[in-house]
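Remarks on the structure that follows.
All values below come from the heavy atoms of this structure, side chains included, with hydrogens, waters and symmetry mates left out. Here is how names work: the chains are called A, B, and so on, in the same order as the sequence lines, proteins then strands, and each is numbered from 1.
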Amino acid sequence: MLKGYGMLDIKFIRENIELVKKAVHDKNESSDVDKVIALDKKKREYQFQYDTMRAEQNEVSKKIPELKKTTQDTSEILKEMKQISTKLKTISTELSQISLELENELLNIPNIPYKDVPVGNEAENEFVHDWGKKEQFDFEPADHFELINSNELLDFQRAAKMSGSGFVGYLGKGAQLERALINFMLDFHIKKHNYQEVSLPILVNRTTMTGTGQLPKLEEDMYRVDADDLFLIPTAEVSITNLYAQEILQYDVLPQKFVSNSPCFRREAGSYGKETKGLQRIHQFNKVEMVRFVRPESSYAVLYEMLQDAEEILQALDLHYRVVKLATADLSFASAKTYDLEVWAPGSKKYLEVSSVSNFEDFQARRASIRYRNEKGKVEFVHTLNGSGLATPRTFISLIEKYQNADKTIKVPPALMPYLDNRRIL
RNA sequence: GGAGAGGUGACCGAGUUGGUUGAAGGUGCGCGCCUGCUAAGCGUGUGUGGGGUUUAUAGCCUCACCGAGGGUUCGAAUCCCUCCCUCUCCGCCA
């Protein structure tokens, strides 16, 4: 039989059809809730039939060895059993088919937005707060394209030569600055917030991708290695969250907090024309990611805590930013509530999204079957959360634009000096 | 990639001439008893998921699960096939 774990709890869907439909609508998804309900009903009917018949079969089968011992003729009864067996096989086949169908439909039902998430599209995103302010220059600040060129920090052309457009190479001081940034962020989370650093596979299987909710919806956005049916992760969230997949954790194992730097791969299918030039939207980039496994009752407090963990990085770099609470249609498929961090890029004169901090509640835990024993010893799903802390490329943009001098040289932010030989100028 | 060994419950470990074994035994853990503490001892309990019944996440009935998926059979942890994983040796590459 199929495992049949899934997504949203089927019982919950059964009992909250309208709520689930509203979530689908608000999130602008196209999942078929009615079909799920119908399949669920059908499945239970078949299940009942199967169970009943199987019980009969089990019972008779138990008696057969004894009948044989008492030298009775069993051919008649075996003939009957053969019929049951055949019928059972038919039902079983249909049952697994229905189960599979149900599972597939279920996988397409998104998580339900938390109650305080504004309904609507991007326009309804809610300003939460900001920090610092837009800096004033006594010269006209250059944008990052100019700074990158004059300092020879990156090379898009040569990267394209080996991988096509949308890839970037960091050169010399650019590479050093990126590495400094990554190391700084990792150390910060590890030392200041007690995250445990991990370094995990960036090539993962289909089950893993499904566990965190990237599949089946986003297959088009993923790079796949056909020969082995493995996928390049779009974020370290995938590997880290799946660390505990298919496990039941003891009560005191929770909470757990992990941080990891990893390359992230995104095909960005269908987003041509949307800021596709430069560093803003590329197929491969580095990101420091935080993931937490917590008991359900604490997940919203932890969500806010993680948001602050991410904010503190920007504060330490003295970069002005604002926090936005995402509206339903802007939420990811798996998220119940998400805060975005947008950093100010003074040369480009716009805010850039550098972090997303989300609570998935038990959505991913259900898919990946990550459970724990609560205080009473009962098995429950954990809650998972993650947040970027932070994505490198856009942080890089903001950084060089903010720390530029009139002569286009770049100051090293004080926080990064220890990582750059204590230089003042990059 | 080739050869061999193996994948059983929280853990260790039986079971591989198919049948009442969801699974002996042990450890651990829970509860109770006993002993002035500790140690030991005695009793008892201890998987997950689905379905049905139910006011009920109580109880009861039932089904599934012994790496995964198929097959043979009245009946499979036990037989057959495919795949995955672990270990050892060889080869290959670092």
Side-chain angles (χ1 to χ4, degrees), chain A residues 1-16 36-106 200-201 203-211 225-231 242-254 295-297 362 365-382:
Chain A
M1 275 313 103
L2 293 166
K3 281 203 198 87
Y5 48 75
M7 344 31 201
L8 284 178
D9 186 0
I10 183 66
K11 281 180 189 162
F12 178 87
I13 297 178
R14 226 181 268 158
E15 285 154 21
N16 299 277
V36 166
I37 295 295
L39 281 169
D40 170 49
K41 192 167 172 235
K42 199 166 161 195
K43 183 191 162 185
R44 278 183 294 153
E45 284 166 12
Y46 274 77
Q47 181 81 59
F48 184 75
Q49 250 189 83
Y50 177 86
D51 284 358
T52 313
M53 200 173 287
R54 183 77 209 211
E56 190 191 336
Q57 187 190 48
N58 285 342
E59 203 181 332
V60 178
S61 285
K62 258 187 232 171
K63 291 179 190 154
I64 287 178
E66 242 180 274
L67 293 180
K68 276 187 173 169
K69 264 186 218 154
T70 55
T71 63
Q72 284 188 36
D73 181 22
T74 52
S75 62
E76 192 59 31
I77 198 159
L78 285 189
K79 216 167 106 191
E80 251 174 73
M81 285 295 93
K82 176 74 184 169
Q83 284 176 354
I84 291 190
S85 175
T86 308
K87 215 181 288 178
L88 216 38
K89 212 160 277 175
T90 312
I91 297 179
S92 160
T93 306
E94 286 172 73
L95 179 57
S96 4
Q97 223 155 28
I98 295 166
S99 301
L100 197 68
E101 230 180 303
L102 175 60
E103 189 129 341
N104 287 338
E105 285 302 320
L106 232 29
L200 303 173
L203 213 46
V204 302
N205 60 32
R206 197 170 274 277
T207 306
T208 301
M209 274 300 187
T210 308
V225 179
D226 279 311
D228 300 287
D229 202 30
L230 293 173
F231 298 82
N242 277 283
L243 258 181
Y244 291 134
Q246 268 111 23
E247 291 190 39
I248 299 178
L249 305 172
Q250 290 308 315
Y251 180 73
D252 53 14
V253 170
L254 297 178
R295 298 179 196 130
E297 62 270 18
D362 65 5
R366 273 180 202 288
R367 291 185 159 233
S369 195
I370 307 167
R371 295 170 294 173
Y372 81 109
R373 290 185 194 284
N374 67 18
E375 258 171 315
K376 292 172 188 155
K378 221 187 124 191
V379 176
E380 267 183 14
F381 289 105
V382 307

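Comparing B:rU72, B:rU48, B:rG51 against the side chain of A:Val379 picks out B:rU48 as the nearest.
Among the atoms of the strands shown, only primed sugar atoms or phosphate atoms (P, OP1, OP2) are found under 4.0 Å from some heavy atom of A:Gln57.
A distance of about 16 Å separates the P atoms of B:rA24 and B:rG19, rounded to the whole Å. B:rA77 and B:rA58 have their C1' atoms separated by 33 Å, given to the nearest Å. Between B:rG18 and B:rC74, the distance separating the two C1' atoms is 12 Å to the nearest Å. To the nearest whole angstrom, the two P atoms, one in B:rG69 and one in B:rU55, are 36 Å apart. Nucleotides B:rG49 and B:rU38 place their C1' atoms 43 Å apart, quoted to the nearest Å.
For A:Tyr244, the ring-ring contact (aromatic ring centres under 6.0 Å, His included) criterion is met by A:Phe293, not counting sequence neighbours. A:Arg373 meets the salt bridge (charged side-chain N to carboxylate O under 4.0 Å, His left out) test with no other residue; sequence neighbours excluded. When the side chain to side chain donor-acceptor pair (under 3.5 Å) test is applied to A:Asp226, the partners found at least two apart in sequence or on another chain are A:Arg224. Taking the side chain to side chain donor-acceptor pair (under 3.5 Å) definition, one finds that A:Asn16 meets it with nothing, sequence neighbours left out. A search for salt bridge (charged side-chain N to carboxylate O under 4.0 Å, His left out) contacts involving A:Asp40 returns A:Arg14, A:Arg44, not counting sequence neighbours.
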In sequence, state the C-alpha distance, the side-chain angles, and the governing distance for A:Thr208 and A:Asn205, and then conclude on side-chain hydrogen bond (donor to acceptor under 3.5 Å, both in side chains).
CA-CA 5 Å; A:Thr208 301; A:Asn205 60 32; 2.7 Å; yes
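Base pairing analysis places B:rA10 opposite B:rU27; the two distances defining the Watson-Crick or G-U wobble pair are each below 3.5 Å. Pairing for B:rG32 goes to B:rC42, judged as Watson-Crick or G-U wobble with the two contacts each under 3.5 Å. In this structure, B:rC89 forms a base pair with B:rG2, meeting either the Watson-Crick or the G-U wobble geometry with both donor-acceptor distances under 3.5 Å.
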Protein-nucleotides 19-22 of chain B N/O pairs closer than 3.5 Å?
from   : atom 1 : to      : atom 2 : distance (Å)
B:rG19 : O6     : A:Lys68 : NZ     : 3.1
B:rG19 : N2     : A:Ser61 : O      : 3.3

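You won't find any donor-acceptor pair under 3.5 Å spanning the side chain of A:Asn58 and the base of B:rG75, going by distance alone.
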